[in-house]
Asker: 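One structure coming up, written as structure tokens, with questions to follow.
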Number of protein chains: 2
Amino acid sequence: MEMKSVTRSLRILEAVAQHQPVTVGELTKLFGLPKSTVQRTLVTLHEAGWLRANRKDTTRWEIGARVLAVRPAALQGSSLLAAARDPMIRLRDKVNETIHLSVPDALDCMVVVDRIDSSHAVRTFHDIGDISPLHATAGGRAILANTGKSDRDEVLARPLESYSETTLTDPQQLRAELELVSANGYAVNRNQFRPGVCAIASAVLDSDGSPLAAVVISMPDSRYDPDRLPELGRLVAETAKEISARRLGS
Amino acid sequence: MEMKSVTRSLRILEAVAQHQPVTVGELTKLFGLPKSTVQRTLVTLHEAGWLRANRKDTTRWEIGARVLAVRPAALQGSSLLAAARDPMIRLRDKVNETIHLSVPDALDCMVVVDRIDSSHAVRTFHDIGDISPLHATAGGRAILANTGKSDRDEVLARPLESYSETTLTDPQQLRAELELVSANGYAVNRNQFRPGVCAIASAVLDSDGSPLAAVVISMPDSRYDPDRLPELGRLVAETAKEISARRLGS
DNA sequence: GCACGCCGTGCTAATTTATGGCACGACAAT
DNA sequence: ATTGTCGTGCCATAAATTAGCACGGCGTGC
């Protein structure tokens, strides 16, 4: 049960998204696949309406706008993005750091769905669609702290991958950390996933208390100041609450 | 050169997006395909990270957030969406009708990429990702009127499909209409695509004058008043110009 | 001006791959 | 207890994809 051609087509689609506008040759080098195979795949994706030829260089491929019809369930209908944008902008204006909105996906990872940039010359950078682990990030732990016990145990049961020397990989320590997150209303991550990247996050909740997303203040370690933590934590928690309220209000 | 399995997988993916969260059985009825085929496809899409099981009903499938990594070239990097949102909201507040932002795709169609709703009980509805033809819509003609001659001729060379009794299908008439659009700075569509739906649109231009997108005021025919046309046309054209300027400013 | 190399494209036989009918276990309603 | 429906897994057959090769166009450098 494999469907090799489908798997490969999706990989190629993702590669086009990353490198668009891209040529057949560049993709063959990227994957080490025969030219004909790559080209056949591109033509198929094109006929399905997912790819289009670049306007100026018709031998280069790019992603068509039709993919917008395929929207994640996490954003479906719900006005999560619309409700979050204004509060996120206000939060950015207060702290002048990059703000992310991330949603949980596949039970052990988070995906960035929106971003408001800080104006600092040195900033952290995560693109929309970027993936990060639940246990090693501030956003992920803000989600986990608000997740039902059974789902949480399921995540903690698996081996916790380490990404840096400070990553929490012991389930017991992680549980203690999650207790702290619950008590504070916000989660903190100092260099535990990407070295040099720190974050403070709080969860956006649905009406039933289940976590929908996390608002994240992300900054370089060079600007991370423990003394500001209570203030930043309060601000990010207030923003998350405001988004929860706005989403339910409309 | 067909890649049947890939084509079908993408169709199924799109169907999941439309009906999520959806079960295997519902999809088999939709496509009339054998159960095993559909399920194998779903599992493959899941393993590739594009699908995930619904949290509450694990036999239902939905789109994962990872698809956000695949973004259309038309929105890539460019802050088109960000630049457009505030002006669109202001336009909506002025006219209280639904505002769309659409981008051209595949040389003969438009795709809705953003939407700000009117507050009327009766409103027009086009979802993000919806597709419409270039020649029969206000947005499409706003784009065509700003397109280079060679590309425009290519579109006009094909047979122009008719969607209602008022659709312009004669290339000569369409050319005359496009001249009018150029002169006015906005395009108008009265029931030419979807019966009962009228629209007024203007193009957002890139620095080189090529059309990037169209801002569209969309309303039911019942509220369409020819006397307001000059005012609405002026407003939508101003909004489009403002978006063009904001996009280049940042 | 010529030859070379690179690129995108199309073809075809060989082989891998997907297909879909069928069966099983679980669950819900009758 | 029973019937219908659902999701899932298996396997021989049949059909699909594969990848090597060749062609034509294009730009470069000799």
Asker: For C/dT9, does either OP1 or OP2 sit under 4.0 Å from a side-chain N or O belonging to A/Gln39?
Answerer: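 Checking A/Gln39 against C/dT9: at least one side-chain N or O falls below 4.0 Å of OP1 or OP2.
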Asker: Map A/Gly25 and B/Thr41 onto DNA chain C by nearest heavy atom, then report which one ends up closer to the 5' terminus.
Answerer: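 First, find each residue's nearest nucleotide; the 5'-ward one identifies A/Gly25.
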Asker: Checking contacts here: which listed nucleotide (D/dG7, C/dG8, D/dT8) is nearest the side-chain heavy atoms of B/Thr23?
Answerer: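 Selected nucleotide (nearest to the side chain): D/dG7.
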Asker: Is the phosphate of D/dC23 approached by A/Lys35 (side-chain N or O, under 4.0 Å from OP1 or OP2)?
Answerer: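 For A/Lys35, the contact criterion (side-chain N or O under 4.0 Å from OP1 or OP2 of D/dC23) is not met.
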Asker: Is the closest basic N to carboxylate O distance between B/Arg247 and B/Asp206 below 4.0 Å?
Answerer: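 Answer for the salt bridge query: yes.
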Asker: What residue among A/Leu168, A/Leu156, A/Leu160, A/Leu178 forms side chain to side chain contact (heavy atoms under 4.5 Å, CB included) with A/His135?
Answerer: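 It is A/Leu160; the other options fail the test.
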Asker: Output the single nucleotide from C/dT9, D/dG7, C/dA18 whose closest atom is nearest the side chain of B/Thr59.
Answerer: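 So the side chain of B/Thr59 is nearest to D/dG7.
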Asker: Could you tell me whether A/Asp153 and A/Arg175 make a salt bridge, using a distance below 4.0 angstrom between a side-chain N and a carboxylate O?
Answerer: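 Salt bridge between A/Asp153 and A/Arg175, a charged N being under 4.0 Å from a carboxylate O: yes.
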Asker: Among D/dT8, D/dA16, C/dA18, which is the nearest nucleotide to the side chain of A/Met3?
Answerer: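 Comparing D/dT8, D/dA16, C/dA18 against the side chain of A/Met3, the answer is C/dA18.
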Asker: OP1 or OP2 of D/dA19 versus the side-chain N and O atoms of A/Lys4: is any pair under 4.0 Å?
Answerer: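 No, outside the criterion.
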Asker: Of the options D/dG7, C/dG20, D/dT17, whose atoms approach the side-chain atoms of A/Arg40 most closely?
Answerer: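 The listed nucleotide nearest to A/Arg40's side chain is D/dT17.
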Asker: Quick test of your reading of the model: are B/Arg60 and B/Glu26 salt-bridged, counting only N-O distances below 4.0 Å?
Answerer: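 So B/Arg60 pairs with B/Glu26 through a salt bridge.
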Asker: So, under a plain 3.5 Å distance rule, would you say the side chain of B/Ser36 forms a donor-acceptor pair with the base of C/dG21?
Answerer: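 Yes, the side chain and the base share a sub-3.5 Å donor-acceptor pair.
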Asker: Nearest of D/dC6, D/dG7, C/dG20 to any side-chain atom of B/Thr37?
Answerer: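 My answer, after comparing the listed nucleotides, is C/dG20.
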